[in-house]
Amino acid sequence: MKPYVKLGESKMSNGTVFSLHKHDGKFYLKYNGFDLMSTALTFSEERLSEIGLARLLPGKSSRPKHPKVLIGGLGLGFTLRSALEGVGPHGVVEVAELVPAIVEWNRTFLKKLNGALVGDKRVALHVGDVWGVLARAGTARYDAIILDTDNGPTPLVQRSNARLYDDAGLKRVHTALKPTGRVVIWSATPDHAYAARLVKSGFKVEVVAAKVHA
């Protein structure tokens, strides 16, 4: 049996440990020893961008000339790759990643995967909380906001991410979106209560089930 090889490890101030591993040609991002995401299962991350950028694709009458997209969470880069394919040559994709080590691992161990994309001229990388990026965004900045942050509303790895999903966070997202914009939120499990809160906050909501594999 081929062993798991630990490539890197980073401990957050709250004690949470993120680590990157390689096993049988695949990469695994873990937190506190549990799988967070891997290159073996990437379909849902790619679907995030496909859904979020559906109205921005070439040929769509609603497509802006210079689309702006915000991604909360770099991870293994699959959402970013899909977003860059969607925005075209004149778009901008901002990425907020809270864990500096994940950015560094993308630039080193994951460079041949999707890591080189962080150096794309269309990418603006923020090493920090997506909450802060949204706070600085002002009004109607983004055509799409894609939140691949934590496990979604619940259960949370980083308790500080709770504010992103509460009423104040929803208001901040709503403000940063253009009137015709779309926010897509990754969730580890169905969350009907959260969907109801989205409606209450002024969003038109659609729940999309994503399979593990295409």
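Ring geometry for Tyr194 against Tyr165 counts as perpendicular: the plane angle is over 60°, on a 0 to 90° scale with 30° as the lower cut.
Annotation: side chain of Ile146 is in contact with side chain of Leu53 (closest heavy-atom distance under 4.5 Å). No side-chain heavy atom of Arg141 sits less than 4.5 Å from a side-chain heavy atom of Arg136. Side-chain contact between Leu198 and Ile185 is present, with heavy atoms from C-beta onward closer than 4.5 Å. Looking at Arg55 and Asp143, their side chains come closer than 4.5 Å, going by heavy atoms from C-beta outward. Taking the side chain as every heavy atom from C-beta outward, Asn106 and Lys111 never approach each other to under 4.5 Å. Between Arg47 and Val208, some side-chain heavy-atom pair lies under the 4.5 Å cut-off. For the pair Leu134/Leu164, a side-chain contact is recorded, criterion being any heavy-atom separation below 4.5 Å from C-beta on. Using a 4.5 Å cut-off on side-chain heavy atoms (C-beta onward), Leu147 and Val184 make no contact.
Ring centroid separation for the pair His21 and Phe27 does not come in under the 6.0 Å cut-off.
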Please test Leu48 against Phe78 for side chain to side chain contact (heavy atoms under 4.5 Å, CB included), starting from the C-alpha separation and ending with a verdict.
-> CA-CA 10 Å; Leu48 278 173; Phe78 287 96; over 6 Å; no
His126/Glu97 under side-chain hydrogen bond (donor to acceptor under 3.5 Å, both in side chains): CA gap, chis, key distance, verdict = CA-CA 6 Å; His126 307 277; Glu97 173 52 59; over 6 Å; no
What do the steps show when you test Val87 against His66 for side chain to side chain contact (heavy atoms under 4.5 Å, CB included), and what is the final call?
-> CA-CA 8 Å; Val87 299; His66 303 283; over 6 Å; no
Does the pair Trp105 and Leu29 meet the rule for a side chain to side chain contact (heavy atoms under 4.5 Å, CB included), with working shown?
-> CA-CA 10 Å; Trp105 295 337; Leu29 183 60; 3.7 Å; yes
Working for side chain to side chain contact (heavy atoms under 4.5 Å, CB included), residues Leu20 and Phe109 = CA-CA 9 Å; Leu20 181 69; Phe109 301 114; 3.9 Å; yes
Could you check Arg182 against Glu206 for salt bridge (charged side-chain N to carboxylate O under 4.0 Å, His left out), going step by step and ending with a plain yes or no?
-> CA-CA 11 Å; Arg182 177 177 288 183; Glu206 180 183 359; 5.8 Å; no
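Residues Phe203 and Leu70 share a single hydrophobic cluster, defined by chaining ILVMFWY side chains whose heavy atoms lie under 4.5 Å apart. Note on Val127 and Val95: same hydrophobic cluster, where clusters join Ile, Leu, Val, Met, Phe, Trp and Tyr whose side-chain heavy atoms are under 4.5 Å apart, directly or indirectly. Under the 4.5 Å side-chain heavy-atom criterion for ILVMFWY residues, no single connected hydrophobic cluster contains both Val17 and Phe34. Taking hydrophobic clusters as Ile, Leu, Val, Met, Phe, Trp and Tyr residues chained together by side-chain heavy-atom distances below 4.5 Å, Leu177 does not share a cluster with Val92.
The line from NZ of Lys11 to OG1 of Thr16 is 9.5 Å long, rounded to the nearest 0.5 Å. To the nearest 0.5 angstrom, Leu80 atom CG is 8.0 Å from Ser49 atom OG. A distance of 12.5 Å separates OG1 in Thr139 from NZ in Lys178, rounded to the nearest 0.5 Å. Rounded to the nearest 0.5 angstrom, Leu117 CG and Arg122 CZ are separated by 8.5 Å. How far CG of Asp167 is from CZ of Arg172: 13.5 Å, rounded to the nearest 0.5 Å. Here the NZ atom belonging to Lys65 is positioned 10.5 Å from the NE2 atom belonging to His90, to the nearest 0.5 angstrom.
Counted within 6.0 Å of NZ on Lys30, heavy atoms from surrounding residues, nucleotides or ligands total more than 12; the atom is thus considered enclosed. Within a 6.0 Å sphere centred on CZ of Arg107, other residues, nucleotides and ligands contribute 12 heavy atoms or fewer.
Of all heavy-atom pairs spanning Tyr142 and Val69, the tightest one is CD2-C, 4.0 Å. Contact detail for Ala195 and Val205: the closest heavy-atom pair is O-CG2, 3.8 Å. Summarising the geometry of Ser44 relative to Trp186, their closest heavy-atom pair is OG-NE1, 3.0 Å, with the distance given to 0.1 Å. Of all the heavy atoms in Ala176 and Ile145, the pair that sits closest is CB-CD1, 4.1 Å. Taking every heavy atom of both residues into account, Val133 and Ala96 meet most closely at CG2-CB, 3.9 Å. Scanning all heavy atoms of the two residues, the minimum distance from Leu76 to Asn114 falls at O-ND2, 3.1 Å.
Taking the charged nitrogens against the carboxylate oxygens, Lys26 and Asp24 have no contact shorter than 4.0 Å, which rules out a salt bridge. Salt bridge present: Asp129 and Arg163 bring a charged side-chain N and a carboxylate O closer than 4.0 Å.
Checked against side chain to side chain donor-acceptor pair (under 3.5 Å), Glu46 has the following partners two or more places apart in sequence or in another chain: Thr42, Arg81.
Counting only distance, with no hydrogens or angles, the side chain of Ser10 and the backbone of Phe18 share no donor-acceptor pair below 3.5 Å.
Apart from Tyr4 itself, the hydrophobic cluster it occupies contains Tyr28, where clustering links Ile, Leu, Val, Met, Phe, Trp and Tyr at side-chain heavy-atom distances under 4.5 Å.
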